[in-house]
Amino acid sequence: MQRSHRNGELTRIHVGETVHLLGWARRVRNLGSLIFIDLRDRWGLIQLTADTTVVSPGLLNTLKTIRSEFVLSVKGTVELRNSPNEGIATGEIEVRILDLNILNTSLTPPIPIEDIDEPAGEELRLKYRYLDLRKNSLQKNLWLRSEMSHVIRDHFRQNDFFEVETPILTKSTPEGARDYLVPSRVHSGEFFALPQSPQLFKQLLQVSGFERYFQICRCFRDEDLRADRQPEFTQVDVEMSFITQEDIQDLISNLMVRLSSMVGRTINKPIPRLTYQDAMEFYGSDKPDLRFDNRIKDVSAFFNRSEFKIFRNAADSDGQRRVRALGFSGPIAGNLSRKQIDDLERDAKHLGAGGLPYIKWGKDGLSSSFKKFISEEETRKICTALGIIDEGIILFAVGPDSLTSKVLGELRNICGKQFGLIDSSVFSFVWITDFPLFEWNDDSLRWMAVHHPFTSPHPDDLYMIEDRPGECRALAYDLVLNGFEIGGGSIRIHSTELQSRIFKLLGISEAEAQDKFGFLLEALGYGAPPMGGIALGLDRMVMLFSGESSIREVIAFPKTAQARCLMTSAPSFVDLRQLTDLGLLKENKQTFRVGAVFFESQASSPALRRALGQRIQEITSTQTQGLISFDSKGRLIDSKTIQDGPFFEFE
RNA sequence: GGGGUCGUAGCUCAGUCGGUUAGAGUGCCAGCCUGUCACGCUGGAAGUCGCGGGUUCGAGUCCCGUCGGCCCCGCCA
């Protein structure tokens with residue numbers, strides 16, 4: 001069974017040739033004495049045609065039975081079309097069918113297998129993922145992903161990197177995300193954890209002298225999901241010895257230039273750097289979208305004599321609380337409706353603000369939520385300070401920086417989209433540097449590592465680790481693209497003493513450190529080189545590079561927001577035997593889910609009855625009870641009483 | 001853990017104030033059709049209104065609960 005050509009690669013130079021093609025019938029257009037079939041394979045679409053008045057009766061019969069998504073093998077002659085279609089790549093030509101075999105039939109697909117304006121709901125698309133993946137858009141996305149992976153491998157190989165696989169079954173570590181656990185059968189009661197990242201292994205590979213390591217690896221985090229977060233995701237993991245953060249940033253910047261060119265984007269080097277502090281001050285975010293430059297400004301000083309008490313108090317608070325503002329010029333911003341402003345205020349309140357004070361200058365002149373506290377002259381001064389020349393709006397937030405940054409940073413993103421400030425064809429990369437090393441956690445009442453506990457402090461800040469941990473900077477950096485964090489890394493600690501100091505500050509006891517990371521601490525004592533690295537989020541990169549807004553569109557078999565696979569129905573209950581094998585059920589107390597499945601049918605033959613029995617086993621688990629009904633042809637009529645059986649416990 | 005939103009034919013959706021036999025487009029099936037390419041025309045079949053309970057003479061519509069999809073907050077070193 002061989003094809004002579006790929007469908008999408010046929011052109012007018014093949015006219016006159018007899019070709020053998022394979023693929024799926026995307027659509028059949030039967031005009032009576034003329035039949036057209038669009039045949040799809042991985043490389044494209046070609047129109048098959050047959051004149052039913054001249055083909056053999058056998059072929060005519062076959063042609064009549066073809067439906068969408070049937071799998072076909074075709075022999076035919078390439079011809080120029082009478083009426084070309086400029087809309088498709090192979091629109092100049094068509095293949096006149098000489099012979100055709102149906103290799104397989106297809107049920108009517110439950111979802112449209114085409115990129116159309118109103119695609120099926122995501123629930124169905126995920127259930128029938130193998131059909132959804134036939135669509136051109138998903139094939140294109142996964143192809144881009146495949147190509148990007150190759151370019152990434154090539155880039156690191158060219159730079160003398162060593163690809164090493166690290167364990168998937170590994171050790172649970174404190175700090176960080178919740179682990180996915182895997183019970184050990186051999187060691188009853190003990191667990192492996194799936195890696196949140198190969199962090200410790202890549203550091204140990206540096207101790208081993210590999211010097212340049214990379215891996216494209218799967219990572220797992222048992223946390224709640226978002227459009228850009230899946231429980232398992234793919235990292236481009238990198239670690240190097242004897243380097244500075246600039247070395248790593250340069251290496252990755254070069255990679256980004258190469259990858260961007262794959263989707264027709266040119267980016268300027270060097271990629272700009274912004275300190276964490278400046279990012280928070282000017283953009284209210286550690287992953288600012290720099291496709292537009294509207295900046296947050298501290299306007300506290302304008303209000304140190306103001307009648308507006310909330311602002312005045314903040315201005316007088318010596319920096320504890322500040323009045324910060326974000327301005328947008330232009331008629332769209334200046335002429336927002338009451339409702340649009342209410343919507344923004346609702347967003348602001350949602351983020352923790354008390355309200356959304358604003359000044360707006362539009363067609364109808366000035367309006368402001370605190371007009372009576374501010375003169376027109378003062379208003380003009382503030383407008384000028386924020387660069388609002390003609391029409392525009394200024395949004396205010398007051399309070400501690402943590403609050404005002406969050407509110408204005410988020411409003412900046414919302415307004416940037418709403419006011420059309422974002423050129424979606426632009427790639428705007430930025431390195432965010434000098435992250436804080438620690439942050440105070442109110443729940444556990446202790447300092448936590450912002451990046452991870454192996455991150456090196458900034459050498460200038462070493463002296464204040466114990467006294468002023470909150471001010472201590474880390475040699476840590478994130479790579480941000482269009483408002484998404486696509487990577488993060490750091491220079492690591494390579495001395496046992498410093499690592500112990502950090503653990504101590506984090507409240508990790510000597511004993512716990514030994515228990516959890518003893519192997520690392522020990523390794524650092526055997527000539528660990530200075531080292532650092534980065535991990536890039538491949539899923540997010542492919543998402544952004546393909547213009548998608550969810551990483552599910554660039555993952556072959558993604559999970560839902562509730563971390564389920566709708567296609568396989570994972571996770572699922574398992575046999576009790578498996579649980580007892582794993583030591584997850586105590587021997588002296590066993591839990592059984594008791595059930596029995598009855599079924600009724602008028603099945604005509606013993607063979608059909610046996611098949612139905614099998615079918616029931618497929619659609620129920622051993623823990624199920626209820627009644628299933630089939631009709632005489634074995635079609636399912638009713639299974640609504642099927643449910644999970646009750647638990648019984650025996651001592 | 002919390003907030004928002006959606007769930008009606010295979011699919012995408014409409015369904016008014018709670019009131020007759022729940023509609024449209026598309027897909028599917030059948031017939032007709034020689035240049036279609038989202039073919040066209042004619043006809044037809046197709047519904048557990050997510051599930052459970054409640055209010056009511058009467059529920060797709062109102063109330064409570066529950067399940068599921070999506071988005072967000074918390075969370076994600």
Side-chain angles (χ1 to χ4, degrees), chain A residues 26-39 45-54 64 67-69 79 81-88 90-91 94 107-128 131 173-179 196-197 199-200 219-231 233 346-347 349-352 406 410 414 435-439 441-443 447-455 474 476 485 488-490 502 506 508 535 537 549-550 552 559-562 564 566 569 637-640 643:
Chain A
R26 187 183 77 149
R27 200 182 283 278
V28 181
R29 290 178 294 279
N30 186 341
L31 274 62
S33 14
L34 205 55
I35 289 181
F36 298 103
I37 299 167
D38 291 335
L39 190 71
L45 209 61
I46 183 81
Q47 175 167 283
L48 310 176
T49 186
D51 184 338
T52 58
T53 58
V54 299
K64 277 184 176 169
R67 296 290 180 272
S68 288
E69 301 307 319
E79 296 179 353
R81 287 205 202 179
N82 287 344
S83 45
N85 180 351
E86 290 176 10
I88 63 172
T90 58
E94 63 190 354
L107 301 171
T108 301
I111 56 173
I113 303 184
E114 265 177 291
D115 290 297
I116 52 177
D117 292 341
E118 287 181 343
E122 197 156 355
E123 195 171 355
L124 272 169
R125 291 181 51 208
L126 290 173
K127 180 174 178 190
Y128 296 100
L131 295 180
T173 53
E175 306 278 310
R178 211 172 282 118
D179 286 318
Q196 297 174 24
S197 82
Q199 184 60 41
L200 297 175
C219 303
F220 307 84
R221 294 178 189 174
D222 187 5
E223 296 291 347
D224 289 340
L225 310 180
R226 292 285 187 281
D228 63 350
R229 271 162 39 188
Q230 284 271 304
F233 59 100
R346 199 195 54 220
D347 292 331
K349 283 181 172 172
H350 216 79
L351 295 162
K406 188 174 162 192
E410 197 49 49
I414 293 168
F435 273 79
L437 187 57
F438 306 108
E439 98 196 312
N441 183 285
D442 279 331
D443 291 332
W447 293 98
M448 307 254 286
V450 169
H451 188 55
H452 57 57
F454 320 109
T455 305
E485 180 200 327
S490 63
I502 300 291
L506 292 172
I508 299 172
S549 51
S550 162
R552 292 187 300 275
K559 294 182 178 57
T560 70
Q562 300 304 315
R564 275 192 177 282
L566 296 180
S569 303
I637 300 171
D638 177 18
S639 65
K640 62 181 168 227
Q643 54 182 317

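Excluded from the calculations below are hydrogen atoms, water molecules and symmetry mates; all remaining heavy atoms, backbone and side chain alike, are included. First the proteins, then the strands, lettered A, B, ... as listed; each starts at 1.
Classification of A:R229 and A:D224 as a salt-bridged pair fails, no side-chain N sitting under 4.0 Å from a carboxylate O.
Here B:U12 is the nucleotide among B:G10, B:U12, B:G68 with the atom lying nearest to any side-chain atom of A:A120. Of the candidates B:C76, B:U34, B:C11, B:C11 carries the atom nearest the A:L124 side chain, counting heavy atoms from C-beta on. Checking B:C73, B:G69, B:C76 against every side-chain atom of A:E123, the shortest atom distance belongs to B:G69.
The separation of B:G4 from B:G40, taken at their P atoms, amounts to 44 Å, rounded to a whole angstrom. Atom C1' of B:G19 sits at a distance of 12 Å from the matching atom of B:U56, rounded to the whole Å. Atom name C1', nucleotides B:C13 and B:G27: the rounded distance is 14 Å, in whole Å. Across B:C29 and B:G10, the matching P atoms stand 15 Å from one another, rounded to whole Å. Spacing between B:U26 and B:A45 at atom C1', rounded to whole Å, works out to 15 Å. Taking the P atom of each, B:A9 and B:A14 are spaced 12 Å apart, rounded to whole Å. B:C64 and B:C70 have their P atoms separated by 25 Å, given to the nearest Å. Taking atom C1' on both B:U5 and B:C76, the two are 24 Å apart, rounded to the nearest angstrom.
The closest donor-acceptor contact from the side chain of A:E439 to the backbone of A:W447 lies at 3.5 Å or more, if one exists at all. Between the side chain of A:R221 and the backbone N or O of A:Q196 there is at least one donor-acceptor pair closer than 3.5 Å.
For the pair A:R564 CZ and B:C67 P, the computed distance is 11 Å after rounding to whole Å. One can place NZ of A:K349 at 20 Å from P of B:C73, the figure rounded to the nearest angstrom. Rounded to an integer number of Å, the gap from A:I111 CD1 to B:G27 P is 16 Å. Rounded to an integer number of Å, the gap from A:D347 CG to B:C71 P is 17 Å. In this entry the distance linking NE2 of A:H350 with P of B:C73 reads 9 Å, nearest Å. Atom C1' of nucleotide B:C72 and atom CD of A:E223 are separated by 16 Å, given to the nearest angstrom. As rounded to whole Å, 20 Å separates atom P of B:U34 from atom CG of A:L48. Rounded to an integer number of Å, the gap from A:D443 CG to B:C76 P is 9 Å.
Annotation: side chain of A:T49 is not in contact with side chain of A:I35 (no heavy-atom distance under 4.5 Å). Counting heavy atoms from C-beta outward, A:D179 and A:F220 have side chains that stay 4.5 Å or more apart. In this structure, A:L566 and A:Y128 have side chains that are not in contact, with every pair of non-hydrogen atoms separated by 4.5 Å or more. Counting only heavy atoms from C-beta outward, the side chains of A:Q230 and A:R552 approach each other to under 4.5 Å.
Residue A:D117 is out of contact with every strand shown, counting any heavy-atom pair closer than 4.0 Å. Using a 4.0 Å heavy-atom distance criterion, A:T455 is classed as making no nucleic acid contact. Using a 4.0 Å heavy-atom cutoff across all strands shown, A:P119 reaches sugar-phosphate atoms only and no base atom. Using a 4.0 Å heavy-atom distance criterion, A:R125 is classed as making no nucleic acid contact. Among the protein residues, A:S33 comes within range of the nucleic acid bases, having at least one heavy atom under 4.0 Å from a base atom. Within 4.0 Å (heavy atoms only), A:T173 reaches no atom of the nucleic acid at all.
The shortest distance between the side-chain N/O atoms of A:R229 and the OP1/OP2 oxygens of B:C71 is not below 4.0 Å. When the side-chain nitrogen and oxygen atoms of A:T108 are compared with OP1 and OP2 of B:G27, none of them lie within a distance under 4.0 Å.
The partner of B:G68, taking Watson-Crick or G-U wobble pairs whose two distances both stay under 3.5 Å, is B:C6. Pair assignment for B:U12 gives B:A24, based on Watson-Crick or G-U wobble hydrogen-bonding distances that are each under 3.5 Å. Pair check for B:G60 finds none; no Watson-Crick or G-U wobble contact set falls under 3.5 Å. Using Watson-Crick or G-U wobble geometry with both donor-acceptor distances under 3.5 Å, B:C39 finds no partner in any strand shown.
Looking at which nucleotide of RNA chain B each of A:R552 and A:G176 is closest to, the 5′-most match is held by A:R552. Nearest-nucleotide positions on RNA chain B for A:K406 and A:Q562 put A:Q562 closer to the 5' end.
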- Task: For each nucleotide in nucleotides 35-41 of chain B, reading 5' to 3', give B when a protein heavy atom comes within less than 4.0 Å of its base, S when such contact involves only the sugar-phosphate, and - otherwise.
- Result: BBBSB--
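How far CD1 of A:I88 is from CD1 of A:I46: 7.0 Å, rounded to the nearest 0.5 Å. Interatomic distance, A:T90 OG1 to A:D38 CG, rounded to the nearest 0.5 Å: 8.5 Å.
Under the side-chain hydrogen bond (donor to acceptor under 3.5 Å, both in side chains) test applied with A:Q47, the options A:R26, A:R27, A:E94 reduce to a single match, A:E94.
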